Structure formats: C-alpha cells, structure tokens
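First the proteins, then the strands, lettered A, B, ... as listed; each starts at 1. All values reported here derive from a predicted model rather than from experimental measurement.
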Number of protein chains: 2
Amino acid sequence: MNSAAPDVLAQRLADSGLRSTPQRELVYAVLLAKRDHPTADQVFTRVKEELPGISLATVYNCLETLVSCGLVKQVNLERESTRYCPNLHPHAHFHDEITGATHDIDLPPTIFSKLRAVLPPGYDAEGVEITFRGSAKLPAPSTSRESRTATAH
Amino acid sequence: MNSAAPDVLAQRLADSGLRSTPQRELVYAVLLAKRDHPTADQVFTRVKEELPGISLATVYNCLETLVSCGLVKQVNLERESTRYCPNLHPHAHFHDEITGATHDIDLPPTIFSKLRAVLPPGYDAEGVEITFRGSAKLPAPSTSRESRTATAH
DNA sequence: CCCTCGTTTGGAATTGTTCTAAATTGGCTT
DNA sequence: AAGCCAATTTAGAACAATTCCAAACGAGGG
Ligand SMILES: [Mn+2]
Ligand SMILES: [Mn+2]
Ligand SMILES: [Zn+2]
Ligand SMILES: [Zn+2]
C-alpha cells in the first residue's frame, strides 16, 4: 500500500524508546491511506477490517503515540470528536460545513512570516493554524478506489 | 458596568422573536466584562454571584441563544470545553500553552484577502480562523480590578 | 525457559454537553 | 385583576467522547 511509511514509523518509535507493534503500524497505515481526517472511531472501524480483535482503547493509545512521535497531528475544528491528520507539511484546513468534510489546503511558505507580522511584541508563536469554513464545489471526488482529499507528498 | 450593551442585546433578541431575560442579560454582561474566553462552567460561576439561583442548563441555553443571535462566537481551540468570545471584530486567537489563556489578536483587514488567495478554485470560504499557539510574555496583567485580555472596542 | 516490562484489552469512570419533563414567568386578553 | 398561553428556566437523567484502570498478553534478554 505505502512503501517507506512503516520504516519511518519504526524509526520514530525507536527514537522514543517505543516498540513497533502491528496495532501502531496499522493505525498509521490507515491514516496515510485515506487522508480525510478521520475520528478515532472511524480509524477504529477501518483498522478492525484487518485486525478484528483490536480495541478502541488501543486505537486511542496508538493515535496518542503517533501524535507524541510527531507523525500525526490532532485537528479540532469544532467541539466533537478529535480528528487526526498525518500531513506534516504546513497546511490549512478547509471545513465544508455542508458535507462535514475537512480538506487540506497547501500553504505558501511566505504566509507564516506574514502572519507573524500581525502579532504584537511579547507574543511568541510556535505554531499557527488556519481554518476556512464554507462549502467546496469540487470536481466530483471520482469513484476511484481512493478519493484523495489531501496533498500528494 | 457596560452602557449600551443591554440595549444591543434586547434589540438582537427582539429581532429573533426572543425575549430579554435577566439570565440572558447577565450571561452576556459577564462575557463582556471579562473577555478571557471563559467556558460555560466559568460563566456559570461568574453569573451565580449575581443570580445565585441560575442553573447550568440555563447558562448553556443563554450562551446558545447569544451565539444564534450573532453576538457571541464559540471558540474551540482544542478538545475540551467550548469557550465563548463576544468580540465581533475580525480577530485571531493566541493560545498560551503555558498559562492556558487565550488572547484576542487584532487582525489587519487585508489579511483576509491574502488568505483567500491561497484557496484553490472551487473552495468558497465564508469564514477564516487563525490560531497562534505559543507563549506570551506580557507586561504583567496588573492586579487591577479587571485584567483586560482583549481588544478595547 | 522464565522474568520483566511495555503493550493491549474490556470495562468502568470521567467530562462536557444535551435532552426531558415539570415548574415558572411575562405578556395579552378579557 | 384574573386567566391564558407560550417562552423560558430548572434539576436531573441521558449521552458521547475520551481517559483511566487493573488484568492479561507478549517479545526479548538473561
Ligand atoms: Mn461542521
Ligand atoms: Mn492548551
Ligand atoms: Zn490536515
Ligand atoms: Zn476572541
């Protein structure tokens, strides 16, 4: 499915003194396979297809592990389930209020310096998040096996 | 405390065919008085000082009413309690990861056009949210009766 | 092999929010 | 002034997402 991904994961885990497990690998693979910012529960459903015995608690554990390794980011656009995003490039999110879908939007690198410029002195920002809300009329997600919501790496 | 505020509220409520009540007025007054993006529970605590009999459900109801009137916005920077912001000016949020405080940051109006420029065709954004995360070393909030976190209108 | 410790697991507990059904309130009509 | 009606408030139950817990598991290392 995805080639270098497991290696990257194994490496990051090792760096943190953690083990590579089938559960962790699969959760990560599922996130990479369909980048639609799934909830923990959606990840659970997808992962169960390949590993029917996995528990929801483990999915939460694995997601937390991936976040702490820096391979995945949590996305909270509204109060409801946290969503998970494996896209490490600087990007914004577009939340389609009609469909509920969340799309990645590539950001030109210059946007960050422009944004930091609005910060008054005394404020030191480590990160910036940009979220658009609205509706997207996209060229029809095409019923091909994997609808690509996100940035191609 | 605040002069024109109740009138604005009464007006907006009337526009929506809703009644002005002591609970709604007080919840709104509390939001305007200390613009630190309180949670529903914090609003509850503050409101109880003046209206000890109020219930948490009512605070939730009033906040929802204010949001639907367009006088208050919900802020969800992370998964945890929703916070409430009565600042209607276009502004960003700075979330201090150390103190947990959330500050309003005034935005130059031009930022919106710049941001819309990054949106690919097909995306139609009605709103944009910008959130900074980091730490702020501010000139000491001064122990005066009302620490002003936000924009002075 | 067997110990140890990191990991997984199911279920209970917690947290924030919404729902529900009954009591209260306030404006209108008579 | 009394009665009526619908909006509002209220307490507590219900809910959904997540975290906690204590037991079971499993991969190495001695
Ligand atoms: Mn939405
Ligand atoms: Mn925080
Ligand atoms: Zn993303
Ligand atoms: Zn604000």
Peer 1: To the nearest 0.5 Å, how far apart are CD in B:E80 and OG1 in B:T82?
Peer 2: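 Nearest 0.5 Å value for the CD-OG1 distance: 9.5 Å.
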
Peer 1: What does nucleotides 16-30 of chain D look like as a protein-contact string, B for base, S for sugar-phosphate only, - for none, at under 4.0 angstrom between heavy atoms?
Peer 2: -SSB------B----

Peer 1: Can any side-chain N or O of A:R46 pair as donor or acceptor with the backbone N or O of A:V30 at less than 3.5 Å?
Peer 2: no

Peer 1: Quick check: does any side chain N or O of B:R116 sit under 3.5 Å from a backbone N or O of B:A125, one acting as donor and the other as acceptor?
Peer 2: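 Confirmed, B:R116 side chain pairs with B:A125 backbone.
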
Peer 1: Could you measure the distance from the CZ atom of A:F132 to the CD atom of B:E126? Nearest 0.5 Å is fine.
Peer 2: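 That separation rounds to 13.0 Å.
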
Peer 1: Which of residues 64-72 of chain B sit near DNA chain C, with a heavy atom under 4.0 Å from it?
Peer 2: none

Peer 1: Got a second to check how far A:L51's CG is from A:K48's NZ, nearest 0.5 Å?
Peer 2: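 So the CG of A:L51 and the NZ of A:K48 are separated by 11.5 Å.
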
Peer 1: Can B:D15 and B:Q11 be counted as having a side-chain donor-acceptor contact under 3.5 angstrom?
Peer 2: yes

Peer 1: Go through DNA chain C in 5' to 3' direction and return only the first and the last nucleotide with some atom under 4.0 Å of chain B's heavy atoms.
Peer 2: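 Listed 5' to 3', the contact boundaries are C:dG16 to C:dG26.
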
Peer 1: Rounded to the nearest 0.5 Å, what separates atom CD1 in B:I105 from atom CD1 in B:I130?
Peer 2: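 Result: 10.5 Å between the selected atoms.
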
Peer 1: For B:H93, run the side-chain hydrogen bond (donor to acceptor under 3.5 Å, both in side chains) check against B:H37, B:H103, B:E129 and tell me which one passes.
Peer 2: B:H37

Peer 1: Under 4.5 Å between side-chain heavy atoms, hopping through other hydrophobics if needed: is there a path connecting B:F44 to B:L32?
Peer 2: yes

Peer 1: In Å and rounded to the nearest 0.5 Å, what is the CG to SG distance from B:L71 to B:C85?
Peer 2: 12.0 Å

Peer 1: What does A:T21 touch in the nucleic acid at a heavy-atom separation under 4.0 angstrom: a base, only the sugar-phosphate, or nothing?
Peer 2: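 If one applies the 4.0 Å heavy-atom cut-off, A:T21 turns out to touch the sugar-phosphate alone, with no base involved.
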
Peer 1: What is the separation between atom CD on B:Q23 and atom C1' on D:dA7, rounded to the nearest whole Å?
Peer 2: 12 Å

